[in-house]
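Pasting a structure here, questions to come.
As the structure lists them, so they are numbered: ligands from 1, and atoms in each ligand from 1. Everything numeric here is computed off the predicted structure, so don't read it as measured data.
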Amino acid sequence: MSAARNLQAPQGNFLDHPSTHGGIIYGPFENGPMKLNLGVNILGTGPKACSFNCAYCDLGETSMRLNKLKSEVPFSSIESVTMAINQAFQKIHSQGPSVDGICISGNGEPTLHPEFPEITKLVLSARDIWMPGKPVSVFTNGAALDTRRVADAMNLVEHRIVKIDAGNEKLFKHVNSPLSRTNLAKVLAGTRKLKDVIVQSLFFQGEVSNIGTSDIDDWIEVIAVLKPKAVHIYGLSRPSAVAGLARLDEDTIYSIASRLERKTQIKAIVTP
Ligand code: SF4
């Protein structure tokens with residue numbers, strides 16, 4: 001999934017010059033509670049590749065069908081990722097700026113990359129050489145967590161960040177529109193296989209909304225069962241895939257966070 005805010009969007013600047021990194025490295029960018037992160041986009045610079053079609057996605061609608069992924073997505077090769085991360089991490093090491101972490105995210109859902117586990121290990125190795133001690137995060141929509149090799153790779157990094165914006169199947173379909181037979185129960189079952197997790201949730205109103213009283217109650221119930229180490233709550237901050245979505249005022253977002261904390265004692269960090 002996209003890295004936070006409307007969640008996995010690469011936001012490039014000084015390190016992502018295509019001639020040197022093929023669009024694989026982006027940022028560093030401010031990523032809410034994760035602070036200043038360097039992004040690693042392993043999905044290439046072609047069309048967005050995702051197994052969801054979230055109403056609020058700032059990468060636009062998911063037009064690519066899952067059965068076309070292998071033939072149409074220019075997934076970054078292991079060789080190109082190795083070269084890009086080593087160049088970029090070495091540059092950060094020698095010239096700065098200092099970053100707070102590295103995030104694997106980008107142009108859709110990173111676990112769709114057929115070599116996601118291998119690439120995750122490469123990022124960790126390069127981090128150990130050039131940026132020791134900096135945490136690696138992976139942002140995911142959770143749809144592939146029932147695959148053992150994906151869950152195992154997720155368990156290697158420091159932060160596993162899973163998107164949960166809805167607490168019941170009906171709203172999940174409405175908000176996240178999975179392209180496969182994935183449902184919320186499957187995402188939750190996969191998430192429970194992780195050794196720990198941070199949940200990331202985005203709330204909004206308008207043509208589609210996930211802030212009805214029962215929506216929030218159901219979401220809190222799901223979070224209570226998952227027992228994440230933290231919940232990162234976001235408001236809408238960029239144009240969304242579906243027209244007519246609106247940003248919440250800060251009071252509403254903070255009140256969702258305090259309801260969660262009151263009922264579950266789980267820490268909620270808000271980026272309105
Ligand atoms: S559709 Fe949803 S899961 Fe996929 S990239 Fe966009 S926000 Fe992330």
Query raised in the report: Any N/O/S atom of Cys50 sitting less than 2.8 Å from atom 2 (Fe) of ligand 1, backbone or side chain?
Result: no
Query raised in the report: Which pair of heavy atoms, one from Ala55 and one from Ser240, lies closest together, and at what distance?
Result: O-CB, 3.6 Å
Query - Per-atom contacts, ligand 1 versus Lys48 - under 4.0 Å to a heavy atom - result: 1 (S), 6 (Fe)
**Report entry** Pairing of Arg259 and Asp217 as salt bridge, 4.0 angstrom limit
**Finding:** yes
Report summary line: A student checking ligand 1 against Asn141 at a 4.0 Å heavy-atom cut-off should list atoms 3 (S)
Query raised in the report: Atoms of ligand 1 less than 4.0 Å from Cys57 heavy atoms?
Result: 1 (S), 5 (S), 6 (Fe), 7 (S)
Query - Inter- and intrachain pairs under ring-ring contact (aromatic ring centres under 6.0 Å, His included), touching residues 141-189, at least two apart - result: Phe52-Phe172
**Report entry** Side chain, backbone, both or neither: Lys163 near ligand 1, heavy atoms under 4.0 Å
**Finding:** side chain
Query raised in the report: Does the distance from a Lys or Arg side-chain N to an Asp or Glu carboxylate O, for Lys121 and Glu115, drop under 4.0 Å?
Result: no
Return all side-chain donor-acceptor pairs below 3.5 angstrom for residues 206-215, not counting sequence neighbours, or 'none' if the list is empty.
residue : atom : partner : partner atom : Å
Ser209  : OG   : Phe204  : O            : 3.4
Ser209  : OG   : Ile211  : N            : 3.3
Asn210  : OD1  : Phe204  : N            : 3.0
Asn210  : ND2  : Asp165  : O            : 3.1
Asn210  : ND2  : Leu202  : O            : 2.8
Asp215  : OD2  : Gly212  : N            : 3.0

